[in-house]
2 protein chains.
Amino acid sequence: MNIYDISKAAGVSIASVSRVINGADNVSEKTRKKVMDIIDEYGYTPNAYARGLGRGSMKTIGIMCSDSSDIYLANAIYYLETDLRKNGYNSILCCTGYDLETKKASFDLLKSRQVDAFILAGSKYVEKDPADNQYIIDGAREHPVMMVNGCIEADGIYSVRSDDKGGMKEAFTQLHESGAKKIIYVYSSDSFSGEQKIEGIRAGAKKCGIPEENLRIVKGKKSYGDIAELLEAEYEKEAFDSIIASSDTSGIGAVKFAVNHKLRIPEDIQIVSYNNSKLAEASTPELTSVDAKLEEVCQKTCDALMKLLNPPLDENGNALAVSIPARTVVKTKLVKRATTRF
Amino acid sequence: MNIYDISKAAGVSIASVSRVINGADNVSEKTRKKVMDIIDEYGYTPNAYARGLGRGSMKTIGIMCSDSSDIYLANAIYYLETDLRKNGYNSILCCTGYDLETKKASFDLLKSRQVDAFILAGSKYVEKDPADNQYIIDGAREHPVMMVNGCIEADGIYSVRSDDKGGMKEAFTQLHESGAKKIIYVYSSDSFSGEQKIEGIRAGAKKCGIPEENLRIVKGKKSYGDIAELLEAEYEKEAFDSIIASSDTSGIGAVKFAVNHKLRIPEDIQIVSYNNSKLAEASTPELTSVDAKLEEVCQKTCDALMKLLNPPLDENGNALAVSIPARTVVKTKLVKRATTRF
DNA sequence: ACAATAAATGTAAGCGGTTACAGAGAAGAA
DNA sequence: TTCTTCTCTGTAACCGCTTACATTTATTGT
């Protein structure tokens, strides 16, 4: 069932059918009705590829993420997909894993799908070796690239992220003000935002007058159990009275450590985690967590993208140049729950 | 940069370029090299739409799910997407929400994208009113529809799901054998698998010789807090000594109720949840949970789909008819942790 | 009633590939 | 050398749509 079949059945030209399905205003009511009746009768759905070929845009955004089952990314995908669809855009999702070659392959695949833009969700897309980011920089010459919580400096690459540095600084400061003397920071992944968070911890320490050498920053693996064990080992070395975790997942590991160790929360030990995902509330006791404002980040990402992709037109119908900020930083918010005394 | 540009630059015809990029074997080494060199130099990526138009299949599967941020669905999406991509297929994701009209619109959208098949992830796609499933049944006449944890009886619709009934029956039985006298079942969503689970509870009760009227089955909202409150209210009415929850989310609500109420887990109250997602381990204490074997379910879904889409060929190159089971049921496994005495 | 103008419709040329088919060249056989 | 056969390459039609432009039909004013 294609446009020819419909045009034949309706007794009009394919151009008229095209006009009807695209809601053009220069079609007579009679024609529109004839065509719509036939379409309803046969249940015709226009072929999006042919459409895209014909008009040069598929109204499709390519979303890359490392692992859609990660709760943070799962939320991001949901917000992005929903928001884009509201704007008439579809999304193609690629879960790339963490391997550079797979990421590149996915990027190519999305290119072949003629996506109008890329969204790289999560900060895993900034490689330590700048040369490894080249494929993104090259891609950005053809299509806008939006980085959610990542940041690469290049033309056509836009970044919207939460203020991880500020968020961590606030967490540290609050903890310190509530009487914490010995704070340990646990994290589990190196990435762009991972670095920002550490900077935030450092900034907090500085503000609180805590010397660099007294700062304890430890790296563990991703699972609850591993984080709990790591903290156990660290506690053996030297006790601490507060834990800041780089994610809610790590925060839960911290809770498990405290419970195993029979430390009372928050009397003996305070815990602050990051992201304020559903996990923070799932924990018992519920985690005090820095809300990374993911929904807002995603929404601003879409807004900016829509502006880029659908620039306002001048009186002659020419696209006006739009300028959107290369970086947008969204303020975080500390959400107080049961694992802290403040 | 299109196939004409490449053919011009390489000094060959577009047919030769096409052959090279498709790995045809009837191209001379010389030609292949010329073309590949040009492609590498200019970084050409074939337009997938034009390709799909030309050959009638886009090697794309449409995945529908209600809400990708749901931890269960997020995992399903990850497994499906990864598995499909391994088989050379891409996926387009639609988060449809729970509204029938949106679901239909998404289905149409995927049709317009010429997907080779549909995967409906999650059991929300089976409506109570059979007439409302018609759009799926109609769609299945053109393309295979795989339902992950749902089941509609019709040609072209295949279902792979976990044995929710059996899983719940086992949970009930085990709880009963470990001394539970008063078991309450909490759930939070009506759906195909929701019904299966209740049937399982009933079957368990029957097996244990518990009369229908002593069965307590209550429905709550989705959030941890709501489930906890609901249980609180029920406990006021009449105490119970065990909780079975329809999901890990509800299980966490149950834990919160128990902790708030100062009931010791598992001495005073036992809890079994369902899915065995990361949430089960995130809980403190960790939840005993029925593993729904989601990964296996997804993998079997992809396997079946690949068989359907790429049937074996006979000596004349004609597709042989393949028959795959209309329903596949995957056995669940009770994973014992800290919220039960067994 | 008729020209001038506006509105509706149709024609045909792309969009970027695939592929059946024909044609050219090279290699082998007689 | 000439005819066959086989391998490689190119031409052109097609996939299903959009859209600029040409053409037809309807509307308006005088």
Side-chain angles (χ1 to χ4, degrees), chain A residues 1-36 38-39 42-60 88 90 108-109 111-116 142 316-318, chain B residues 1-36 38-39 42-60 88 90 108-109 111-116 142 317:
Chain A
M1 185 83 345
N2 61 28
I3 201 170
Y4 290 92
D5 300 323
I6 299 296
S7 83
K8 214 168 296 168
V12 300
S13 74
I14 57 163
S16 288
V17 177
S18 179
R19 287 186 190 104
V20 171
I21 60 185
N22 287 294
D25 55 356
N26 52 347
V27 203
S28 71
E29 212 27 69
K30 213 170 67 184
T31 305
R32 184 186 309 284
K33 183 159 181 346
K34 268 195 294 189
V35 172
M36 284 311 292
I38 296 292
I39 287 179
Y42 293 99
Y44 162 71
T45 315
N47 181 322
Y49 305 136
R51 260 177 134 154
L53 249 195
R55 78 183 149 205
S57 153
M58 280 299 303
K59 294 251 180 192
T60 299
N90 278 107
D108 258 2
L109 187 148
K111 271 208 291 202
S112 81
R113 249 43 178 183
Q114 308 302 112
V115 295
D116 299 311
E142 313 228 6
N316 302 317
N318 298 317
Chain B
M1 184 82 348
N2 62 27
I3 201 170
Y4 292 92
D5 300 323
I6 299 296
S7 84
K8 215 168 295 168
V12 299
S13 75
I14 57 164
S16 289
V17 176
S18 178
R19 287 186 190 103
V20 170
I21 60 185
N22 287 295
D25 54 357
N26 53 346
V27 203
S28 70
E29 213 26 68
K30 213 169 68 185
T31 305
R32 184 186 310 284
K33 183 159 182 347
K34 266 195 294 190
V35 172
M36 284 311 293
I38 297 292
I39 286 179
Y42 292 100
Y44 162 70
T45 314
N47 181 323
Y49 305 135
R51 261 177 134 157
L53 248 196
R55 80 183 146 204
S57 154
M58 280 300 302
K59 293 251 179 194
T60 299
N90 278 106
D108 259 1
L109 187 148
K111 271 208 291 202
S112 81
R113 248 47 177 182
Q114 308 301 112
V115 295
D116 299 311
E142 312 227 6

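Residue numbers start from 1 in every chain, and the chains themselves are labelled A, B, ... in the order their sequence lines are given, proteins ahead of strands. Quick caveat: nothing in here was measured; it's all calculated off a predicted structure.
- Summarising the geometry of A:Thr31 relative to A:Ser28, their closest heavy-atom pair is OG1-OG, 2.8 Å, with the distance given to 0.1 Å.
- Atom P of nucleotide C:dG25 and atom NZ of B:Lys30 are separated by 12 Å, given to the nearest angstrom.
- Scanning both residues, A:Ala50 and B:Leu53, for their nearest heavy atoms gives CA-CD1, 3.9 Å.
- One axis for each end of the helix from C:dA1-D:dT30 to C:dA30-D:dT1, each built from five base pairs, and the angle between them comes to 40° at 10° resolution.
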Subject >> Contact letters for nucleotides 13-18 of chain C, in which S counts primed atoms plus P, OP1 and OP2 and B counts the base, heavy atoms under 4.0 Å >> reply: --BBBB
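- Atom CG in B:Asn26 sits roughly 18 Å away from atom P in C:dA26 (whole-Å rounding).
- Remark: A:Ser16 is not in phosphate contact with C:dA8, judged by side-chain N or O atoms under 4.0 Å from OP1 or OP2.
- Separating the OG1 atom in B:Thr45 from the CG atom in A:Asp108 is a distance of 5.0 Å, to the nearest 0.5 Å.
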Scan nucleotides 23-26 of chain D against the protein and return all N/O pairs shorter than 3.5 Å with their distances rounded to 0.1 Å.
none

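- Atom NZ in A:Lys59 sits roughly 13 Å away from atom P in D:dT18 (whole-Å rounding).
- Considering only heavy atoms from C-beta on, A:Tyr44 comes within 4.5 Å of A:Ile21 through its side chain.
- Once rounded to the nearest 0.5 Å, the distance linking CG of A:Asp116 with NZ of A:Lys59 reads 8.0 Å.
- B:Asn2 is not listed as a side-chain neighbour of B:Ile14, based on a closest heavy-atom distance of 4.5 Å or more.
- In this structure, A:Tyr4 and A:Val17 have side chains that are not in contact, with every pair of non-hydrogen atoms separated by 4.5 Å or more.
- Considering every non-hydrogen atom in both A:Ser13 and A:Ser7, the closest pair reads C-CB, 3.7 Å.
- Atom CD1 in B:Ile39 sits 10.5 Å away from atom CZ in B:Arg32 (nearest 0.5 Å).
- B:Asp25 has its CG atom 12 Å from the P atom of D:dT9, to the nearest Å.
- Looking only at side-chain heavy atoms (C-beta outward), A:Thr60 and B:Arg113 come within less than 4.5 Å of each other.
- At distances below 3.5 Å, not a single donor-acceptor pair connects side-chain atoms of B:Asn22 with backbone N or O atoms of B:Ala24.
- The phosphate of C:dA8 has neither OP1 nor OP2 within less than 4.0 Å of any side-chain N or O from A:Thr31.
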